[in-house]
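Computed from heavy atoms alone, side chains included, the values below leave out hydrogens, waters and symmetry copies. Within every chain, numbering begins at 1; the chains are lettered A, B, ... in the order of the sequence lines, protein sequences first and strands thereafter.
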There are 2 protein chains.
Amino acid sequence: MARLSGRDPSLLRRINSTAVLRVLRSQFGRPPLTLTDLAHATELSRPTVEGVVEGLVDAGLAAEAEEEPGSAAQHARRGRPARRFRFRAEAGYALGVEVGSHRIAAVLSDLTGRTTGTAAREVGEGAPEDQRLAEAHGAVDELLESSGVRRESLRAVGVGTPGIVEADGTVRLGTALPGWTGLPLGERLRERFCCPVLVENDANAGVVAERWKGAAVGAEDVVMVLIGLSPGAGSLIGGRLHRGFGGAAGEIGALHLLGREATPERLLSTTGEPLHPLDEAAVAGVFALARAGDEQARRAMERFVQRLVHDVAALVLALDPELVVIGGWASGLDGVLEPLRGELERYCLRPPRVELSVLGEAAVATGALRLALDQVEDELFSVDAG
Amino acid sequence: MARLSGRDPSLLRRINSTAVLRVLRSQFGRPPLTLTDLAHATELSRPTVEGVVEGLVDAGLAAEAEEEPGSAAQHARRGRPARRFRFRAEAGYALGVEVGSHRIAAVLSDLTGRTTGTAAREVGEGAPEDQRLAEAHGAVDELLESSGVRRESLRAVGVGTPGIVEADGTVRLGTALPGWTGLPLGERLRERFCCPVLVENDANAGVVAERWKGAAVGAEDVVMVLIGLSPGAGSLIGGRLHRGFGGAAGEIGALHLLGREATPERLLSTTGEPLHPLDEAAVAGVFALARAGDEQARRAMERFVQRLVHDVAALVLALDPELVVIGGWASGLDGVLEPLRGELERYCLRPPRVELSVLGEAAVATGALRLALDQVEDELFSVDAG
């Protein structure tokens with residue numbers, strides 16, 4: 001029953017504190033705010049704001065700004081100047097990590113989402129899970145050290161990785177990486193962090209990143225396809241990540257099985273023998289040959305694009321997104337864009353825009369960071385989370 | 001900024017009125033309620049409840065219950081008995097209509113959603129749009145008359161029809177019915193009704209119906225596939241209809257084009273010549289022959305099921321629903337269910353449950369009715385709509 005009476009005083013305190021913190025953060029980088037400014041912006045009384053700000057300073061989330069040069073003279077002339085406050089972006093950090101088949105990437109940010117450092121290292125596609133995890137931890141250690149950030153300052157960690165990932169971070173199915181299926185990845189990672197660790201499918205992280213600061217800024221209904229020998233897709237519906245009932249949404253790799261022989265490693269072969277299913281370097285090689293005019297490679301790429309069109313069309317017809325973002329391979333994707341647009345125009349009742357990923361190989365780690373920041377913001381700025 | 005002070009008195013009146021009306025409706029069919037009962041259930045004061053109930057009686061939404069037999073004696077013994085009130089389910093009606101390629105169906109309900117009458121009539125697949133609309137109006141007139149309901153008592157009308165439907169009820173693309181593409185269907189229908197008219201894609205209406213009172217009760221993530229020569233799908237994501245960015249979500253018919261020759265009318269042919277693209281009776285004929293053991297028909301049906309598996313797999317891989325409901329043709333679908341389940345088990349990383357439609361040919365009109373009822377409930381029971 002909706003009743004507006006009977007307010008909970010601790011809820012009210014939290015609403016007020018959240019309101020003040022939001023204003024402080026929104027003004028981050030601009031001149032610090034007086035209590036009068038904050039009272040005006042939040043429509044709260046000045047005494048209420050004063051109490052709230054004290055609490056935020058005690059919690060390390062706000063700081064009193066130092067006096068500006070020349071203020072001493074003002075002081076002498078007009079009496080004690082108004083105290084001014086700012087958001088402490090350095091009160092905590094968020095971390096995004098990609099654990100991929102060929103690469104570990106990590107990106108660190110402060111509480112405003114500003115990047116404060118990155119690290120990356122190669123890892124063999126056949127590396128067993130323990131080695132891959134050790135490389136991931138190594139990249140994170142290196143990043144924290146080079147950024148001068150203590151591990152305890154991390155407020156949330158996001159991780160993007162191939163496969164179907166359960167809510168607790170266990171990989172239910174992950175055929176692209178050795179030892180990945182069944183791996184309690186979240187649990188293993190949490191051993192080394194004292195903050196929440198969120199594990200997400202890599203394509204899901206990618207689409208979140210492209211909407212944050214890539215090709216999908218401002219779009220609400222987006223599909224991102226990570227092209228590869230084991231392709232995957234992530235979708236936003238109404239701006240929210242669509243994971244599906246069992247976290248398997250967008251796992252379009254199996255559509256290839258319906259075409260039997262039409263796997264990417266067969267379609268892209270120029271020798272009659274299929275490529276190794278994880279050898280993305282060989283794929284880049286075929287793409288380069290095709291661009292150089294090699295006829296056999298050109299035909300192989302054409303077969304591959306037809307297959308890709310089919311996969312993307314299936315997603316587009318099912319979901320009807322506003323925008324499709326193509327990402328995955330670092331190079332050669334630009335050759336895919338035009339034929340893909342043309343074919344989607346032919347087959348889709350309402351063809352979506354098709355764009356290349358802006359973030360490229362940074363997409364998955366960046367999306368993982370955004371998910372970690374969302375977690376931190378829920379904690380700091382949401383009234384419900386109290 | 002969240003502030004709980006400064007209540008709007010008319011908003012508060014509406015919140016209170018909605019609260020009382022919800023309680024009255026939830027108790028519909030049980031003994032009527034006293035003002036004390038209502039005050040207790042809503043946690044409102046008795047004078048507030050009394051004022052609100054008077055308003056609801058004036059608006060025709062609530063009525064004072066007649067005294068029960070024997071109450072006269074009580075009256076004499078204990079003084080005037082407490083007045084009791086009930087929801088007036090007959091204060092308005094909602095109507096759901098299917099305008100299909102072969103059939104018009106209409107279903108009428110009172111404000112509790114209880115069906116009070118149905119009507120249906122056949123219509124030729126080649127009938128021009130004016131004739132189809134005339135048949136639809138004819139079916140509605142017949143239903144209103146046989147139910148003794150005046151047209152002015154309708155509070156909302158829902159309509160389900162094939163094609164991509166814009167928010168205003170214009171059919172952007174509808175290849176299954178002659179003259180349908182570009183038809184301002186909502187506008188044409190509104191000429192005859194003095195209440196809101198909502199037009200929805202037929203498969204979207206179908207999935208709403210199956211969740212309301214069919215195969216998908218209790219499920220939140222559901223895909224309904226209307227099998228036919230021009231197949232379509234409707235999806236619920238988190239219990240909400242997923243229409244897509246341009247209303248084209250689930251329009252999987254075009255996937256057939258990617259298979260070039262693999263259209264249902266070719267796959268189902270037993271003569272080498274494709275069936276007529278709208279001749280669903282011929283399809284039922286092939287299914288019946290296959291069941292009777294005809295080898296050529298059996299092979300044709302097998303080809304068709306393979307095609308269907310592919311379409312459904314594309315939807316399942318994109319969306320990862322909990323449940324797939326198969327509907328569309330009145331007969332012969334049961335033969336499709338087992339092979340579909342088996343193939344989805346093979347191809348999908350997390351195979352969904354697959355069930356036949358429970359509502360059958362009533363699904364689209366029933367879903368259209370549910371959408372109309374949602375509109376009425378928004379108007380009566382939602383605070384925002386005030």
Engaged part of [X] at the chain A interface, taking heavy atoms whose separation is under 4.5 Å:
X      : value
B:D320 : both
B:A233 : neither
B:I237 : side chain

For a salt bridge (charged side-chain N to carboxylate O under 4.0 Å, His left out) check, start with the C-alpha distance between A:E322 and A:R350, then their side-chain angles and the critical distance, and finish with the verdict. CA-CA 9 Å; A:E322 173 181 3; A:R350 203 203 55 74; over 6 Å; no

Using a distance-only test with no angle check, is there a side-chain donor-acceptor pair under 3.5 angstrom linking [X] and [Y]?
X      : Y      : result
B:E251 : B:N201 : yes
B:T175 : B:W180 : no
A:R172 : A:T181 : no

